[in-house]
Structure formats: C-alpha cells, structure tokens
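Worksheet: one structure, shown below.
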Amino acid sequence: LGWQLNLFANFFDDFIFQESVDNDGDGVADRVNEEGELEPDGELLSVAYTQDDAEFYGFEAEITYRLLKGSTGDLDGRLYADFVRGALSDGGDLPRITPPRFGGGLDYQVAQWSAGVDVTRVARQGRNADLETNTSGYTVVNTDLGWIIPSGGNEYQIFLRGANLLDEEIRRHTSFIKDFAPLPGRSVLVGFKGVF
C-alpha cells in the first residue's frame, strides 16, 4: 500500500489575473476580431489584466495498492482525487479554476508487457467569475498496451493507446476557447518509442 496527500493554501496580495470584459453592456463576455474590434462571433475573448487579493486552497490525494504479485504478473490499483478553490478575498470567484476530479486505474505488468486503464470523472464547474459560463462535467476512459524490447543498453517500446474511449464532449474550464474548441473525441494511437 502506498499513499500520498498534499494539502495547500496560498494567500496573495494583488494577484494578477485575466478577467473577461463587457464593454457593450449586454451581460455577455465580449468577443473581438484580430484587430480588437467588437464582433459577436469573434475568435478572441476580450480580457483585462486585473489585480486583487486572492486565496487558493485544495488537496491532491492518491492511493496505490498491489492487488496481485507473482509469476502471472503484477497488478496495481490506484485511486486519486484533486480539488482547488480559487477565490477573491472579498468573496468573488476567480476565472478558469479547474473543477474537482477523481478517478481510478489499474496497471498490469508481466515480463515485457504492460497494460493499463484509467477512468477519470471531472465534475461540473459552476463556481464562476463574472461573465464566465458553467462547464459541464465529463468522464474520460483511457487505456494503454505496451511491449518493451530490450536491446543492449537501449530500450524500445511498441505501444497502443486509446483516449476518450466513451467519446465524451470534453470542454476544459481552464481554456479561453472552451465554447468553440472541445478536446478531441475518441482516438487510438499506435507508436514506437526508443530510450537511449
């Protein structure tokens, strides 16, 4: 059994952050074109650098446990979670703060073979700064399979990776363009890696 826990709290005077602006007063964050002119369907988000006192606190936790060990291979289980809260000292929310997440995984190793699966749940983010929109939660399932080929002092690996196997629509709350550009859907990658 192995575990780790990190707790943190940071307090900033005059923390600098990028805050969305609403110069036209319609209650929605302004979008602009490349020249900085107001354009409802503009590709860029208009922001202003702002300073204010801020507080961050949260945790990261992980537990790993050896489920199987022997001639048939080693199987490890993992559980993990993290959370961060970023707020202005006067009580407002900071923009683009990552939502809580938790998950688990299994890692298997036998001889030159390795395999793994990870399932991560990212929660909905509703603690938003002014003019910021909510971001839906999502579940991500990733897998990997690898074969290590030892060769003298070098090591080569052939691998197969599957990402976002549930084909979820993933929008990162920390992204300035989350409403326009979700992360890729389901994908499979075959690769070759060498360590010299």
Side-chain angles (χ1 to χ4, degrees), residues 1-10 55-86 94 96-128 133-196:
L1 175 69
W3 63 274
Q4 62 179 5
L5 174 65
N6 299 309
L7 303 173
F8 63 88
N10 296 310
E55 305 167 357
F56 290 83
Y57 56 88
F59 73 87
E60 297 173 331
E62 183 175 43
I63 297 173
T64 59
Y65 187 74
R66 176 65 45 93
L67 300 169
L68 294 173
K69 181 175 179 63
S71 59
T72 57
D74 299 334
L75 178 65
D76 293 336
R78 288 180 294 112
L79 296 174
Y80 50 86
D82 58 51
F83 168 82
V84 63
R85 175 82 171 100
L94 283 166
R96 288 170 297 283
I97 299 298
T98 188
R101 65 182 187 151
F102 59 91
L106 294 171
D107 297 308
Y108 180 70
Q109 178 87 38
V110 60
Q112 283 83 30
W113 290 93
S114 64
V117 60
D118 275 305
V119 179
T120 303
R121 176 65 188 170
V122 179
R124 173 184 177 273
Q125 181 58 288
R127 291 182 178 260
N128 301 316
T133 58
N134 292 339
T135 304
S136 298
Y138 53 89
T139 302
V140 178
V141 177
N142 298 325
T143 61
D144 63 85
L145 176 66
W147 181 45
I148 295 173
I149 308 166
S151 175
N154 303 326
E155 184 177 282
Y156 303 97
Q157 182 183 32
I158 299 170
F159 61 86
L160 174 67
R161 291 190 184 131
N164 190 13
L165 295 181
L166 299 179
D167 203 25
E168 289 268 293
E169 181 177 298
I170 299 174
R171 296 184 185 270
R172 290 254 169 97
H173 189 74
T174 55
S175 172
F176 283 95
I177 58 171
K178 68 171 185 170
D179 294 325
F180 299 93
L183 293 182
R186 181 184 300 118
S187 65
V188 176
L189 173 69
V190 177
F192 178 80
K193 179 172 71 172
V195 178
F196 304 95

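What you see below is based on every heavy atom in this structure, not just the backbone, and it leaves out hydrogens, waters and symmetry mates. Residue indices begin at 1 and follow the sequence shown.
One distance of note links CD1 of I148 with CD of Q109; it measures 5.5 Å at 0.5 Å rounding. Distance check: L75 CG to Y65 OH gives 11.5 Å after rounding to the nearest 0.5 Å. Going from atom OH of Y108 over to atom OG1 of T72 covers 5.0 Å, rounded to the nearest 0.5 Å. Rounding to the nearest 0.5 Å gives a distance of 13.5 Å between CZ of R101 and CZ of R121. Note that CG of D82 is 10.5 Å distant from CD of E62, once rounded to the nearest 0.5 Å. Taking CZ of R127 as the start and CG of L94 as the end, the distance is 12.0 Å to the nearest 0.5 Å.
Scanning all heavy atoms of the two residues, the minimum distance from Y138 to E169 falls at CB-O, 4.2 Å. Considering every non-hydrogen atom in both P150 and Q112, the closest pair reads CD-CG, 4.1 Å. Residues P99 and A123 approach most closely at CB-O, 3.3 Å, considering heavy atoms. Minimum interatomic distance between R124 and N134 (heavy atoms only, all atoms of both residues): NH2-ND2, 2.6 Å. L106 approaches G77 most closely through the heavy-atom pair CD2-CA, 3.9 Å. Nearest heavy-atom pair, T135 versus H173, reported as atom, atom and distance to 0.1 Å: OG1-ND1, 2.6 Å.
Judged purely by atom type and a 3.5 angstrom limit, N142 uses its side chain to pair as donor or acceptor with the backbone of N164. Formation of a donor-acceptor pair under 3.5 Å by the K193 side chain with backbone atoms of F159 is not found in this model. Between the side chain of D76 and the backbone N or O of D107 there is no donor-acceptor pair closer than 3.5 Å.
Counted within 6.0 Å of CZ on F59, heavy atoms from surrounding residues, nucleotides or ligands total more than 12; the atom is thus considered enclosed.
Ion pairing of D144 with R161 is absent here, as no side-chain N (NZ or NE/NH1/NH2) approaches a carboxylate O to less than 4.0 Å. With respect to the salt-bridge test (charged N to carboxylate O, under 4.0 angstrom), the residues R171 and D179 do not qualify.
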**OP:** Could you walk me through whether V119 and T139 pass side-chain contact (heavy atoms from CB on, under 4.5 Å), step by step?
**Re:** CA-CA 7 Å; V119 179; T139 302; 3.9 Å; yes
**OP:** Kindly determine whether Y80 and Q4 satisfy side-chain contact (heavy atoms from CB on, under 4.5 Å), including the steps that lead there.
**Re:** CA-CA 10 Å; Y80 50 86; Q4 62 179 5; over 6 Å; no
Original post:
Would L7 and Y57 satisfy side-chain contact (heavy atoms from CB on, under 4.5 Å), going step by step from the backbone distance to the final call?
Top reply: CA-CA 8 Å; L7 303 173; Y57 56 88; over 6 Å; no
Subject >> Residue pair R85, I97: steps toward the side-chain contact (heavy atoms from CB on, under 4.5 Å) verdict >> reply: CA-CA 7 Å; R85 175 82 171 100; I97 299 298; over 6 Å; no
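Donor-acceptor pairing under 3.5 Å is lacking for the side chains of R78 and T64.
In this pair, F192 and Y156 present their aromatic rings parallel. The plane angle is below 30°, not in the 30 to 60° band.
Residues V122 and T120 have side chains in contact (heavy-atom distance under 4.5 Å, counting atoms from C-beta outward). Residues R66 and D74 have side chains in contact (heavy-atom distance under 4.5 Å, counting atoms from C-beta outward). Counting heavy atoms from C-beta on, the side chains of F8 and V84 come closer than 4.5 Å. Contact check for T133 versus N128: no side-chain heavy atoms found under the 4.5 Å cut-off.
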